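Encoded as C-alpha coordinates, the structure appears first; notes follow it.
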Number of protein chains: 2
Amino acid sequence: MALPTETERAFHAHDHSHCLHEGLARAEELARARGLRLTPVRRRTLEILLREHRALGAYEVLEHLAADGFGRQPPVAYRALDFLVANGFAHRIQRLNAFTACAHPGEDHQAVFLICRECQSVAEAPLDGPRDAVEAASDALGFRLERVSIEALGLCPQCAQAA
Amino acid sequence: MALPTETERAFHAHDHSHCLHEGLARAEELARARGLRLTPVRRRTLEILLREHRALGAYEVLEHLAADGFGRQPPVAYRALDFLVANGFAHRIQRLNAFTACAHPGEDHQAVFLICRECQSVAEAPLDGPRDAVEAASDALGFRLERVSIEALGLCPQCAQAA
DNA sequence: GTTAATATGTTATACTATAACCGTCAAGGA
DNA sequence: TCCTTGACGGTTATAGTATAACATATTAAC
Ligand SMILES: [Zn+2]
Ligand SMILES: [Zn+2]
Ligand SMILES: [Zn+2]
Ligand SMILES: [Zn+2]
(Lines give C-alpha, C1' and ligand atoms only; values in the text may rest on other atoms or scores of the structure.)
(Ligands and ions follow the chains in the order given, each with its own letter.)
Protein backbone atom coordinates (compact mmCIF):
# COMPACT_ATOMS: atom_id res chain seq x y z
CA MET A 1 0.00 0.00 0.00
CA ALA A 2 1.40 3.36 -1.01
CA LEU A 3 0.94 6.36 1.22
CA PRO A 4 -1.98 8.57 0.26
CA THR A 5 -1.06 11.08 -2.41
CA GLU A 6 -1.87 14.74 -2.21
CA THR A 7 -4.91 14.33 -4.42
CA GLU A 8 -6.29 11.45 -2.43
CA ARG A 9 -6.38 13.41 0.80
CA ALA A 10 -9.62 15.22 0.16
CA PHE A 11 -11.58 12.00 0.11
CA HIS A 12 -10.00 10.15 3.03
CA ALA A 13 -9.51 10.61 6.72
CA HIS A 14 -6.18 12.22 7.46
CA ASP A 15 -4.34 14.53 9.80
CA HIS A 16 -5.88 17.66 8.46
CA SER A 17 -3.81 20.10 10.49
CA HIS A 18 -1.01 18.87 8.28
CA CYS A 19 -2.81 20.14 5.15
CA LEU A 20 -3.24 23.49 6.78
CA HIS A 21 0.28 24.02 8.03
CA GLU A 22 1.96 22.48 5.05
CA GLY A 23 -0.22 24.54 2.72
CA LEU A 24 0.60 27.80 4.44
CA ALA A 25 4.30 27.01 4.67
CA ARG A 26 4.44 26.17 0.99
CA ALA A 27 2.61 29.31 0.03
CA GLU A 28 4.97 31.48 2.05
CA GLU A 29 7.97 29.81 0.55
CA LEU A 30 6.63 30.24 -2.98
CA ALA A 31 5.67 33.84 -2.39
CA ARG A 32 9.17 34.59 -1.15
CA ALA A 33 10.72 32.85 -4.13
CA ARG A 34 8.54 34.71 -6.62
CA GLY A 35 8.52 38.11 -4.98
CA LEU A 36 4.78 37.95 -4.28
CA ARG A 37 3.32 39.72 -1.28
CA LEU A 38 1.40 37.25 0.84
CA THR A 39 -0.13 39.94 3.04
CA PRO A 40 -2.19 39.23 6.19
CA VAL A 41 -5.56 39.29 4.41
CA ARG A 42 -4.31 37.06 1.66
CA ARG A 43 -2.66 34.68 4.04
CA ARG A 44 -5.73 34.50 6.20
CA THR A 45 -7.92 33.91 3.15
CA LEU A 46 -5.76 31.00 2.11
CA GLU A 47 -5.94 29.66 5.64
CA ILE A 48 -9.74 29.83 5.55
CA LEU A 49 -9.79 27.82 2.34
CA LEU A 50 -7.25 25.33 3.62
CA ARG A 51 -9.35 24.57 6.69
CA GLU A 52 -11.78 22.70 4.46
CA HIS A 53 -11.56 20.31 1.56
CA ARG A 54 -14.53 21.95 -0.03
CA ALA A 55 -15.24 25.05 -2.05
CA LEU A 56 -16.30 28.20 -0.22
CA GLY A 57 -18.25 31.07 -1.71
CA ALA A 58 -16.71 34.52 -1.64
CA TYR A 59 -19.29 35.76 0.82
CA GLU A 60 -18.65 32.81 3.08
CA VAL A 61 -14.95 33.65 3.06
CA LEU A 62 -15.86 37.26 3.70
CA GLU A 63 -17.77 36.37 6.85
CA HIS A 64 -14.69 34.68 8.26
CA LEU A 65 -12.47 37.61 7.32
CA ALA A 66 -14.84 40.12 8.87
CA ALA A 67 -15.00 38.05 12.05
CA ASP A 68 -11.21 38.20 12.19
CA GLY A 69 -11.12 41.97 12.02
CA PHE A 70 -10.52 42.43 8.31
CA GLY A 71 -12.82 44.43 6.05
CA ARG A 72 -16.41 43.34 5.70
CA GLN A 73 -17.15 44.46 2.13
CA PRO A 74 -17.16 42.10 -0.88
CA PRO A 75 -14.07 43.54 -2.63
CA VAL A 76 -11.95 42.54 0.35
CA ALA A 77 -12.72 38.87 -0.23
CA TYR A 78 -12.75 39.02 -4.01
CA ARG A 79 -9.38 40.75 -4.19
CA ALA A 80 -7.71 38.27 -1.89
CA LEU A 81 -9.29 35.36 -3.75
CA ASP A 82 -8.29 36.79 -7.11
CA PHE A 83 -4.72 37.04 -5.90
CA LEU A 84 -4.69 33.45 -4.71
CA VAL A 85 -6.20 32.17 -7.94
CA ALA A 86 -3.93 34.26 -10.15
CA ASN A 87 -0.88 32.87 -8.40
CA GLY A 88 -1.94 29.25 -8.25
CA PHE A 89 -2.68 29.06 -4.52
CA ALA A 90 -6.37 28.49 -5.07
CA HIS A 91 -8.84 27.55 -7.78
CA ARG A 92 -12.23 28.83 -8.74
CA ILE A 93 -14.93 26.17 -9.13
CA GLN A 94 -17.19 27.55 -11.83
CA ARG A 95 -20.11 25.25 -11.20
CA LEU A 96 -20.34 26.36 -7.57
CA ASN A 97 -19.32 29.99 -7.87
CA ALA A 98 -16.83 29.13 -5.19
CA PHE A 99 -13.16 28.78 -4.36
CA THR A 100 -10.95 26.03 -3.02
CA ALA A 101 -7.33 25.89 -1.91
CA CYS A 102 -4.98 24.33 -4.41
CA ALA A 103 -3.87 20.88 -3.36
CA HIS A 104 -0.40 21.24 -4.84
CA PRO A 105 0.60 24.86 -5.30
CA GLY A 106 3.76 25.52 -7.18
CA GLU A 107 3.44 22.52 -9.39
CA ASP A 108 1.44 22.68 -12.59
CA HIS A 109 -1.72 24.03 -11.07
CA GLN A 110 -4.16 22.83 -13.69
CA ALA A 111 -6.37 19.99 -12.58
CA VAL A 112 -9.58 18.08 -12.89
CA PHE A 113 -11.94 18.89 -10.04
CA LEU A 114 -14.02 16.11 -8.59
CA ILE A 115 -16.96 17.58 -6.72
CA CYS A 116 -19.14 15.54 -4.39
CA ARG A 117 -22.73 16.62 -4.90
CA GLU A 118 -23.62 15.34 -1.46
CA CYS A 119 -20.97 16.75 0.89
CA GLN A 120 -19.47 19.38 -1.45
CA SER A 121 -15.94 18.17 -0.93
CA VAL A 122 -13.58 18.87 -3.80
CA ALA A 123 -10.55 16.87 -4.88
CA GLU A 124 -8.01 17.59 -7.58
CA ALA A 125 -6.93 14.93 -10.03
CA PRO A 126 -4.17 15.24 -12.64
CA LEU A 127 -5.26 16.99 -15.82
CA ASP A 128 -2.73 15.38 -18.15
CA GLY A 129 -4.77 12.59 -19.71
CA PRO A 130 -8.02 14.51 -20.07
CA ARG A 131 -6.18 17.54 -21.39
CA ASP A 132 -4.52 15.52 -24.13
CA ALA A 133 -7.91 14.20 -25.15
CA VAL A 134 -9.36 17.71 -25.31
CA GLU A 135 -6.32 18.86 -27.25
CA ALA A 136 -7.01 16.18 -29.85
CA ALA A 137 -10.62 17.27 -30.16
CA SER A 138 -9.51 20.91 -30.51
CA ASP A 139 -6.98 20.15 -33.20
CA ALA A 140 -9.63 18.40 -35.23
CA LEU A 141 -11.63 21.63 -35.36
CA GLY A 142 -8.71 24.01 -35.83
CA PHE A 143 -9.33 25.48 -32.40
CA ARG A 144 -6.27 26.96 -30.70
CA LEU A 145 -6.63 25.63 -27.16
CA GLU A 146 -5.39 27.79 -24.31
CA ARG A 147 -7.08 26.80 -21.07
CA VAL A 148 -9.29 23.85 -20.26
CA SER A 149 -11.47 23.58 -17.22
CA ILE A 150 -12.86 20.23 -16.16
CA GLU A 151 -15.31 19.84 -13.33
CA ALA A 152 -16.80 16.45 -12.57
CA LEU A 153 -19.85 15.92 -10.43
CA GLY A 154 -20.56 12.75 -8.55
CA LEU A 155 -20.17 11.07 -5.19
CA CYS A 156 -17.04 10.88 -3.07
CA PRO A 157 -16.15 7.46 -1.62
CA GLN A 158 -17.83 8.16 1.73
CA CYS A 159 -21.06 9.47 0.25
CA ALA A 160 -21.13 6.70 -2.37
CA GLN A 161 -20.87 4.12 0.39
CA ALA A 162 -23.63 5.77 2.39
CA ALA A 163 -25.91 5.70 -0.66
CA MET B 1 -12.75 15.86 -48.12
CA ALA B 2 -15.70 14.89 -45.98
CA LEU B 3 -18.64 17.21 -45.62
CA PRO B 4 -18.49 19.41 -42.56
CA THR B 5 -19.81 17.63 -39.48
CA GLU B 6 -22.30 19.12 -37.11
CA THR B 7 -19.61 20.11 -34.67
CA GLU B 8 -17.50 21.80 -37.30
CA ARG B 9 -20.23 24.19 -38.32
CA ALA B 10 -19.80 26.69 -35.55
CA PHE B 11 -16.31 27.55 -36.71
CA HIS B 12 -16.86 27.69 -40.46
CA ALA B 13 -18.96 29.57 -42.96
CA HIS B 14 -22.16 27.73 -43.74
CA ASP B 15 -25.78 28.14 -44.64
CA HIS B 16 -26.90 29.16 -41.21
CA SER B 17 -30.62 29.23 -41.91
CA HIS B 18 -30.17 25.49 -42.21
CA CYS B 19 -28.98 25.27 -38.59
CA LEU B 20 -32.01 27.24 -37.49
CA HIS B 21 -34.66 25.34 -39.38
CA GLU B 22 -33.12 21.96 -38.89
CA GLY B 23 -32.67 22.67 -35.20
CA LEU B 24 -36.27 23.67 -34.71
CA ALA B 25 -37.58 20.76 -36.76
CA ARG B 26 -35.51 18.31 -34.78
CA ALA B 27 -36.64 19.76 -31.48
CA GLU B 28 -40.27 19.53 -32.45
CA GLU B 29 -39.88 15.98 -33.58
CA LEU B 30 -38.11 15.00 -30.38
CA ALA B 31 -40.63 16.79 -28.21
CA ARG B 32 -43.44 14.95 -29.94
CA ALA B 33 -41.66 11.63 -29.55
CA ARG B 34 -41.02 12.20 -25.86
CA GLY B 35 -44.26 13.84 -24.90
CA LEU B 36 -42.58 17.14 -24.03
CA ARG B 37 -44.42 20.40 -24.45
CA LEU B 38 -42.45 22.69 -26.71
CA THR B 39 -44.64 25.71 -26.00
CA PRO B 40 -44.37 29.05 -27.82
CA VAL B 41 -42.01 30.64 -25.27
CA ARG B 42 -39.81 27.58 -25.21
CA ARG B 43 -39.79 27.26 -28.95
CA ARG B 44 -39.00 30.92 -29.38
CA THR B 45 -36.22 30.70 -26.80
CA LEU B 46 -34.64 27.85 -28.69
CA GLU B 47 -34.96 29.85 -31.88
CA ILE B 48 -33.17 32.79 -30.27
CA LEU B 49 -30.29 30.52 -29.26
CA LEU B 50 -30.17 28.83 -32.65
CA ARG B 51 -29.79 32.16 -34.42
CA GLU B 52 -26.23 32.37 -33.12
CA HIS B 53 -23.33 30.00 -32.63
CA ARG B 54 -22.46 31.70 -29.40
CA ALA B 55 -23.70 31.65 -25.84
CA LEU B 56 -26.34 34.16 -24.78
CA GLY B 57 -26.95 35.34 -21.23
CA ALA B 58 -30.39 34.81 -19.74
CA TYR B 59 -31.08 38.54 -19.72
CA GLU B 60 -30.03 38.82 -23.32
CA VAL B 61 -32.52 36.08 -24.21
CA LEU B 62 -35.10 37.83 -22.09
CA GLU B 63 -34.77 41.05 -24.10
CA HIS B 64 -35.56 39.17 -27.28
CA LEU B 65 -38.52 37.42 -25.68
CA ALA B 66 -39.92 40.67 -24.31
CA ALA B 67 -39.53 42.30 -27.72
CA ASP B 68 -41.58 39.45 -29.16
CA GLY B 69 -44.44 39.98 -26.77
CA PHE B 70 -43.58 37.39 -24.14
CA GLY B 71 -43.07 38.20 -20.48
CA ARG B 72 -40.30 40.57 -19.53
CA GLN B 73 -39.34 39.25 -16.10
CA PRO B 74 -36.30 37.01 -15.46
CA PRO B 75 -38.21 33.84 -14.56
CA VAL B 76 -39.70 33.77 -18.04
CA ALA B 77 -36.27 33.36 -19.59
CA TYR B 78 -34.84 31.15 -16.87
CA ARG B 79 -37.74 28.73 -16.97
CA ALA B 80 -37.63 28.33 -20.72
CA LEU B 81 -33.84 27.92 -20.62
CA ASP B 82 -34.08 25.39 -17.80
CA PHE B 83 -36.54 23.38 -19.83
CA LEU B 84 -34.28 23.39 -22.88
CA VAL B 85 -31.24 22.40 -20.85
CA ALA B 86 -33.08 19.70 -18.90
CA ASN B 87 -34.22 18.11 -22.13
CA GLY B 88 -30.97 18.37 -24.04
CA PHE B 89 -31.99 21.11 -26.47
CA ALA B 90 -29.49 23.57 -25.02
CA HIS B 91 -26.45 23.69 -22.78
CA ARG B 92 -25.36 26.00 -20.05
CA ILE B 93 -21.84 27.40 -20.36
CA GLN B 94 -20.69 27.82 -16.78
CA ARG B 95 -17.74 30.02 -17.51
CA LEU B 96 -19.93 32.57 -19.28
CA ASN B 97 -23.12 32.28 -17.22
CA ALA B 98 -24.75 31.77 -20.56
CA PHE B 99 -26.65 29.33 -22.74
CA THR B 100 -26.17 27.89 -26.19
CA ALA B 101 -28.31 25.71 -28.44
CA CYS B 102 -27.25 22.07 -28.55
CA ALA B 103 -25.57 21.18 -31.82
CA HIS B 104 -26.99 17.66 -31.91
CA PRO B 105 -30.08 17.31 -29.75
CA GLY B 106 -31.39 13.83 -29.26
CA GLU B 107 -28.02 12.19 -29.43
CA ASP B 108 -25.89 11.84 -26.32
CA HIS B 109 -25.97 15.47 -25.33
CA GLN B 110 -22.77 15.60 -23.33
CA ALA B 111 -19.95 17.45 -25.01
CA VAL B 112 -16.74 19.40 -24.76
CA PHE B 113 -17.37 23.10 -25.31
CA LEU B 114 -14.77 25.07 -27.23
CA ILE B 115 -15.21 28.75 -26.47
CA CYS B 116 -13.49 31.46 -28.51
CA ARG B 117 -12.36 34.18 -26.12
CA GLU B 118 -12.34 36.69 -28.96
CA CYS B 119 -15.68 36.27 -30.76
CA GLN B 120 -17.48 34.20 -28.08
CA SER B 121 -18.50 31.52 -30.56
CA VAL B 122 -19.05 28.11 -29.02
CA ALA B 123 -18.57 24.73 -30.66
CA GLU B 124 -19.29 21.29 -29.31
CA ALA B 125 -16.79 18.49 -29.67
CA PRO B 126 -17.32 14.84 -28.76
CA LEU B 127 -16.84 14.08 -25.11
CA ASP B 128 -15.91 10.41 -25.44
CA GLY B 129 -12.12 10.58 -25.25
CA PRO B 130 -11.90 13.22 -22.52
CA ARG B 131 -14.63 11.55 -20.54
CA ASP B 132 -12.78 8.24 -20.52
CA ALA B 133 -9.70 10.02 -19.24
CA VAL B 134 -11.67 11.69 -16.46
CA GLU B 135 -13.30 8.38 -15.65
CA ALA B 136 -9.87 6.84 -15.16
CA ALA B 137 -8.84 9.65 -12.84
CA SER B 138 -12.08 9.27 -10.87
CA ASP B 139 -11.69 5.54 -10.47
CA ALA B 140 -8.23 6.02 -9.04
CA LEU B 141 -9.74 8.09 -6.23
CA GLY B 142 -12.86 6.00 -5.66
CA PHE B 143 -15.03 8.83 -6.92
CA ARG B 144 -18.34 7.78 -8.45
CA LEU B 145 -18.48 9.93 -11.56
CA GLU B 146 -21.88 11.12 -12.73
CA ARG B 147 -21.53 14.19 -14.90
CA VAL B 148 -18.46 15.84 -16.33
CA SER B 149 -18.38 19.32 -17.70
CA ILE B 150 -15.50 20.42 -19.92
CA GLU B 151 -15.11 23.96 -21.15
CA ALA B 152 -12.06 24.92 -23.17
CA LEU B 153 -11.01 28.49 -23.79
CA GLY B 154 -8.96 29.57 -26.77
CA LEU B 155 -9.22 30.96 -30.27
CA CYS B 156 -11.47 29.74 -33.04
CA PRO B 157 -9.85 29.24 -36.47
CA GLN B 158 -10.91 32.68 -37.74
CA CYS B 159 -9.73 34.58 -34.69
CA ALA B 160 -6.51 32.54 -34.52
CA GLN B 161 -5.76 33.49 -38.10
CA ALA B 162 -6.48 37.16 -37.44
CA ALA B 163 -4.06 37.11 -34.49
C1' DG C 1 -67.65 19.93 -17.85
C1' DT C 2 -65.07 19.55 -13.78
C1' DT C 3 -60.82 18.79 -11.86
C1' DA C 4 -55.90 18.46 -11.56
C1' DA C 5 -51.62 19.50 -13.37
C1' DT C 6 -48.72 22.42 -15.97
C1' DA C 7 -47.29 26.63 -17.73
C1' DT C 8 -46.75 31.72 -17.87
C1' DG C 9 -46.87 35.91 -16.02
C1' DT C 10 -46.08 39.06 -12.07
C1' DT C 11 -43.45 41.34 -7.80
C1' DA C 12 -40.01 41.06 -4.73
C1' DT C 13 -35.74 39.50 -3.17
C1' DA C 14 -31.42 36.84 -2.81
C1' DC C 15 -26.98 35.93 -4.39
C1' DT C 16 -22.66 37.03 -6.98
C1' DA C 17 -19.38 40.42 -8.62
C1' DT C 18 -17.26 44.85 -9.83
C1' DA C 19 -16.62 50.05 -10.32
C1' DA C 20 -14.88 54.04 -8.16
C1' DC C 21 -12.90 56.45 -4.60
C1' DC C 22 -9.77 57.32 -0.57
C1' DG C 23 -6.36 56.79 3.13
C1' DT C 24 -2.23 54.01 4.44
C1' DC C 25 2.11 52.30 3.94
C1' DA C 26 6.46 50.59 2.06
C1' DA C 27 10.04 51.01 -1.51
C1' DG C 28 13.08 53.66 -4.10
C1' DG C 29 15.13 57.88 -6.11
C1' DA C 30 16.38 63.03 -5.59
C1' DT D 1 15.97 62.58 4.72
C1' DC D 2 12.17 63.76 2.10
C1' DC D 3 9.28 63.11 -1.60
C1' DT D 4 7.22 60.49 -5.07
C1' DT D 5 5.15 56.40 -6.57
C1' DG D 6 2.67 52.41 -6.61
C1' DA D 7 0.54 48.48 -4.27
C1' DC D 8 -2.84 47.46 -0.76
C1' DG D 9 -7.01 47.33 1.74
C1' DG D 10 -10.83 49.67 3.29
C1' DT D 11 -15.22 52.07 2.03
C1' DT D 12 -19.92 53.12 -0.66
C1' DA D 13 -22.57 52.26 -4.43
C1' DT D 14 -24.09 49.65 -8.19
C1' DA D 15 -24.14 46.04 -11.77
C1' DG D 16 -25.20 41.38 -13.10
C1' DT D 17 -27.19 36.72 -12.21
C1' DA D 18 -30.81 33.79 -10.30
C1' DT D 19 -34.78 32.25 -7.56
C1' DA D 20 -38.86 32.41 -4.21
C1' DA D 21 -43.62 33.12 -3.88
C1' DC D 22 -47.87 34.07 -5.70
C1' DA D 23 -51.80 34.81 -9.28
C1' DT D 24 -53.79 33.74 -13.66
C1' DA D 25 -54.39 31.04 -17.65
C1' DT D 26 -54.01 27.11 -20.32
C1' DT D 27 -53.91 22.16 -21.04
C1' DA D 28 -54.77 17.33 -20.04
C1' DA D 29 -57.46 13.74 -17.72
C1' DC D 30 -61.40 12.00 -16.09
ZN1 LIG E 1 -6.79 17.80 4.90
ZN1 LIG F 1 -19.26 13.37 -0.33
ZN1 LIG G 1 -25.14 27.77 -38.31
ZN1 LIG H 1 -13.34 33.58 -32.61
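Please read these numbers as outputs of a predicted model, since none were measured by experiment. Each chain gets a letter, A, B and so on, in the order its sequence line appears, and its residues count up from 1.
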* Asked: Quick one: what's the B/S/- string for nucleotides 8-17 of chain D, heavy-atom cutoff under 4.0 Å, read 5' to 3'?
  -> SBBBB----B
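B/Cys102 has its side chain within reach of B/Glu124: a pair of non-hydrogen atoms, C-beta onward, lies under 4.5 Å apart. The shortest distance between side-chain heavy atoms of A/Pro126 and A/Val112 does not fall below 4.5 Å.
Atoms CG (A/Leu38) and C1' (D/dA7) sit 15 Å apart, rounded to a whole Å. Rounded to an integer number of Å, the gap from CG of B/Leu81 to C1' of C/dT8 is 14 Å. Atom CG of B/Asp82 and atom P of D/dT19 are 7 Å apart (whole Å). The CG atom of A/Leu56 sits 12 Å away from the P atom of C/dT16 (whole-angstrom rounding). Between the P atom of C/dT16 and the CD1 atom of A/Ile93 lies a distance of 15 Å, rounded to the nearest Å. If you take CG of B/Leu65 and C1' of C/dT10, they are 16 Å apart, rounded to a whole angstrom.
In this structure, the separation between CG on B/Leu49 and NE2 on B/His91 is 11.0 Å, given to the nearest 0.5 Å.
Ion pairing between a basic and an acidic side chain is recognised when a charged N comes within 4.0 Å of a carboxylate O; A/Glu60 and A/Arg54 show such pairing. Note on B/Arg26 versus B/Glu29: no salt bridge recorded, every NZ/NE/NH1/NH2 to OD/OE distance being 4.0 Å or above.
In the hydrophobic clustering of this structure, B/Val122 does not group with A/Leu145; members are Ile, Leu, Val, Met, Phe, Trp, Tyr whose side-chain heavy atoms approach within less than 4.5 Å, directly or through other members.
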